[in-house]
Amino acid sequence: MPENFLFDPADVAPRLLAWYGLEGRDLPWRGCRDPYRIWLSEIMLQQTTVAAVIPYYEKFLLACPDVAALAASSPEEVIALWAGLGYYSRARNLHAAARRIVAEGGGAFPDDLPGLMALPGVGRSTAGAILAIAYDKKGVILDGNVRRVLCRLFALEGDPRSAAAEGKLWGWAEALTPEDRPHDYAQAIMDLGATLCAPKRPDCPRCPLIDLCRGRQLGLEMVLPAARAKRSVPEICQVALLLERDGCFLVRRRPFSGLLGGLWEFPCREVAKGTEPAAAASALLAELGGKGGLRELGRTRHAYSHFRVEVLFYRGSAGEAAAVAETAGELWANERELAEIPLHGAHKKGVPHLARERWNCHDAPSIKAKE
DNA sequence: AAGCCGGGGTA
DNA sequence: TACCCAGGCTT
């Protein structure tokens with residue numbers, strides 16, 4: 001047994017593999033070794049739950065069944081397939097990587113660690129996962145599931161994201177990964193973290209590693225890994241304008257870089273604290289050449305990881321058709337088309353207000369526009 | 001090393 | 001409500 005281990009690391013994989021054979025999950029991307037599909041699933045699953053990914057995965061594969069089809073798609077098509085899944089740089093990187101694979105590798109998928117990590121959007125952990133799951137090579141994974149399992153198994157106290165902790169965790173992950181059946185092991189340890197060794201209330205009595213687990217022995221399974229420091233979550237207020245012209249509404253595409261890159265939204269503006277939202281909406285209407293009054297359709301809240309926004313939706317009229325120029329990133333869409341356009345979540349929530357308004361428009365307060 | 005980047009499930 | 005997730009990229 002290695003000196004710094006309290007148990008033989010070779011004991012772990014056989015137990016996990018036996019457990020996985022009985023309790024492993026059946027997921028859409030399992031049972032295949034197509035590197036493209038494994039890669040797609042791994043990218044979609046970054047910072048995202050399995051249940052959220054499954055419908056996107058199925059839809060994406062119908063549109064882009066292989067790397068050549070993905071490479072041949074446009075950035076707009078790819079972002080539309082990703083709309084609602086979040087972290088849109090993943091979609092951009094996926095697309096860029098597919099084009100690189102086709103252009104430089106003749107369509108051959110990388111099958112070693114450096115080749116995989118060279119792909120945009122593929123880091124050390126994802127490369128290890130693809131190596132193991134697609135090629136059954138010894139690929140080491142340190143994702144959220146594995147990190148939690150290892151923090152408990154080795155009773156790692158303190159911030160698991162610190163550089164020192166990361167070093168230890170990668171070392172342990174490497175030591176536990178077997179040469180034999182890495183494909184099954186990768187999915188087994190992730191399944192353990194996703195089911196029994198869950199963030200809250202780990203089900204230790206059913207765990208195949210219970211007699212090895214230092215965290216359990218010390219009674220720390222409920223408090224490990226150490227919670228992240230709480231961060232303040234700013235609250236932002238925003239007005240969004242549903243500007244109508246002939247039954248259509250103006251939407252714009254956001255720049256491809258940055259927050260919600262490539263997604264569409266209604267014209268909008270942040271409302272400074274202590275100022276009147278209706279005034280901000282009126283100013284926005286005036287800038288766009290709109291005419292007449294504004295009517296508040298409703299308001300919604302939307303939470304991001306690092307801030308929250310309350311969106312107040314207003315409806316206004318564009319007046320003269322020529323008042324608003326059409327450019328590449330703008331279009332006028334009717335209600336049916338709005339349902340198809342990849343709006344980001346916060347503004348997508350505003351579309352139902354239009355349909356609702358038809359039924360009880362008299363309930364909505366009317367606000368006079370500034371002259 | 002720290003900050004940025006979404007959305008939904010879950011307790 | 002608060003936390004977390006099959007992380008990687010940028011600065």
Side-chain angles (χ1 to χ4, degrees), chain A residues 25 27-30 37-57 79 82-94 96-97 116-134 139-149 151 159-166 169-170 173 186-195 197-202 222 225-235 254 256-263 265 300-309 342-349:
Chain A
R25 294 176 294 177
L27 300 171
W29 42 87
R30 292 193 172 168
R37 293 184 178 224
I38 303 302
W39 171 50
L40 176 65
S41 71
E42 289 299 326
I43 299 301
M44 283 190 166
L45 286 160
Q46 288 173 0
Q47 301 300 102
T48 309
T49 53
V50 166
V53 162
I54 288 174
Y56 284 87
Y57 176 80
I79 208 72
W82 210 271
L85 200 50
Y87 286 94
Y88 299 94
S89 64
R90 294 183 294 171
R92 293 196 302 273
N93 287 331
L94 190 82
L116 288 165
M117 287 188 67
L119 299 175
V122 178
R124 187 175 173 182
S125 185
T126 300
I130 298 171
L131 206 57
I133 298 170
V140 182
I141 302 171
L142 186 62
D143 64 358
N145 285 320
V146 177
R147 177 176 283 105
R148 183 173 52 257
V149 169
C151 281
D159 178 9
R161 297 282 182 168
S162 71
E166 286 279 309
L169 288 164
W170 275 109
Q187 304 188 91
I189 192 164
M190 287 192 286
D191 270 17
L192 186 78
T195 59
C197 202
K200 308 211 169 164
R201 303 170 59 98
M222 298 291 283
R228 293 187 193 186
K230 287 183 189 174
R231 276 174 264 174
S232 65
V233 180
E235 301 244 11
R254 295 174 60 92
F256 276 93
S257 61
L259 181 70
L260 303 166
L263 274 75
E265 65 185 7
T300 62
R301 293 180 175 281
H302 194 79
Y304 297 92
S305 53
H306 50 299
F307 68 95
R308 276 195 284 267
V309 62
L343 294 170
H344 60 71
H347 283 194
K348 194 180 181 72
K349 291 175 179 175

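The figures here come from the full heavy-atom set of this structure, side chains too, leaving out hydrogens, waters and symmetry mates.
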K.L.:
Check A:A346 against A:Y304 and note the closest heavy-atom contact, atom names and distance.
P.N.:
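Looking at all heavy atoms of both residues, the shortest contact is CB-OH, 3.7 Å.
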K.L.:
Within this structure, what is the NE2-to-P distance between A:H347 and B:dG7, rounded to whole angstrom?
P.N.:
11 Å
K.L.:
Pick base, sugar-phosphate or nothing for A:A186, based on heavy-atom distances below 4.0 Å to the nucleic acid.
P.N.:
nothing
K.L.:
Rounded off to whole Å, could you give me the CD-to-C1' distance for the A:E166 and B:dA1 pair?
P.N.:
12 Å
K.L.:
Send over the distance from A:H344 NE2 to B:dG8 P, rounded to a whole Å.
P.N.:
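Whole-Å distance recorded here is 13 Å.
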K.L.:
Remember a base hit wins even if backbone is also touched, and classify A:G261 as base, sugar-phosphate or nothing at under 4.0 Å, heavy atoms.
P.N.:
nothing
K.L.:
Is there a side-chain polar atom (N or O) of A:Y88 under 4.0 Å from OP1 or OP2 of B:dG7?
P.N.:
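Checking B:dG7 against A:Y88, a side-chain N or O does come within under 4.0 Å of OP1 or OP2.
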K.L.:
Any side-chain heavy atom of A:Y87 sitting closer than 4.5 Å to one from A:N93?
P.N.:
no
K.L.:
Please verify the inter-ring angle class for A:H347 with A:H344; under 30° counts as parallel, over 60° as perpendicular, anything in between as tilted.
P.N.:
tilted
K.L.:
Rounded to the nearest Å, what distance is computed from the CE atom of residue A:M44 to the C1' atom of nucleotide B:dG6?
P.N.:
14 Å
K.L.:
Taking atom C1' of B:dG7 as reference, at what distance in whole Å does atom CD1 of A:I54 sit?
P.N.:
16 Å
K.L.:
Please determine if a side-chain N or O atom of A:H306 lies less than 4.0 Å away from the OP1 or OP2 oxygen of B:dG3.
P.N.:
no
K.L.:
For nucleotides 3-11 of chain C, give me one character per nucleotide, 5' to 3': B if any protein heavy atom sits under 4.0 Å from the base, S if the only such contacts are to the sugar-phosphate, - if neither.
P.N.:
SSBBBSS--
K.L.:
Hey, is CZ on A:R301 packed in by over 12 heavy atoms from elsewhere, all under 6.0 Å?
P.N.:
no
K.L.:
Nearest heavy-atom pair of A:L40 and A:W82: which atoms, and what distance?
P.N.:
CD1-CZ3, 4.4 Å
K.L.:
With C1' as the reference atom in both, quote the distance from B:dG6 to C:dC3 in angstrom, rounded to an integer.
P.N.:
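To the nearest whole Å, 15 Å.
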K.L.:
Only pairs at least two apart or in different chains count here, so list each side-chain hydrogen bond (donor to acceptor under 3.5 Å, both in side chains) that has a residue in residues 118-127 of chain A.
P.N.:
A:Q46-A:T126
K.L.:
Work out how far the P atom of C:dA6 is from that of B:dG3, and round it to whole angstrom.
P.N.:
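Approximately 24 Å lies between the P atom of C:dA6 and that of B:dG3.
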K.L.:
Which part of the nucleic acid, if any, lies within reach of A:I141 when heavy atoms closer than 4.0 Å are counted: base, sugar-phosphate only, or nothing?
P.N.:
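It contacts nothing in the nucleic acid.
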K.L.:
DNA chain B: A:G258 or A:R201, which has the more 5' nearest nucleotide?
P.N.:
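Here A:G258 is the residue nearer the 5' end.
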K.L.:
For residues 37-51 of chain A, which residue pairs pass the salt bridge (Lys or Arg N to Asp or Glu O under 4.0 Å) check, not counting sequence neighbours?
P.N.:
A:D34-A:R37
K.L.:
To the nearest Å, give me how far apart CG (A:L263) and C1' (B:dC5) are.
P.N.:
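It works out to 13 Å between those atoms.
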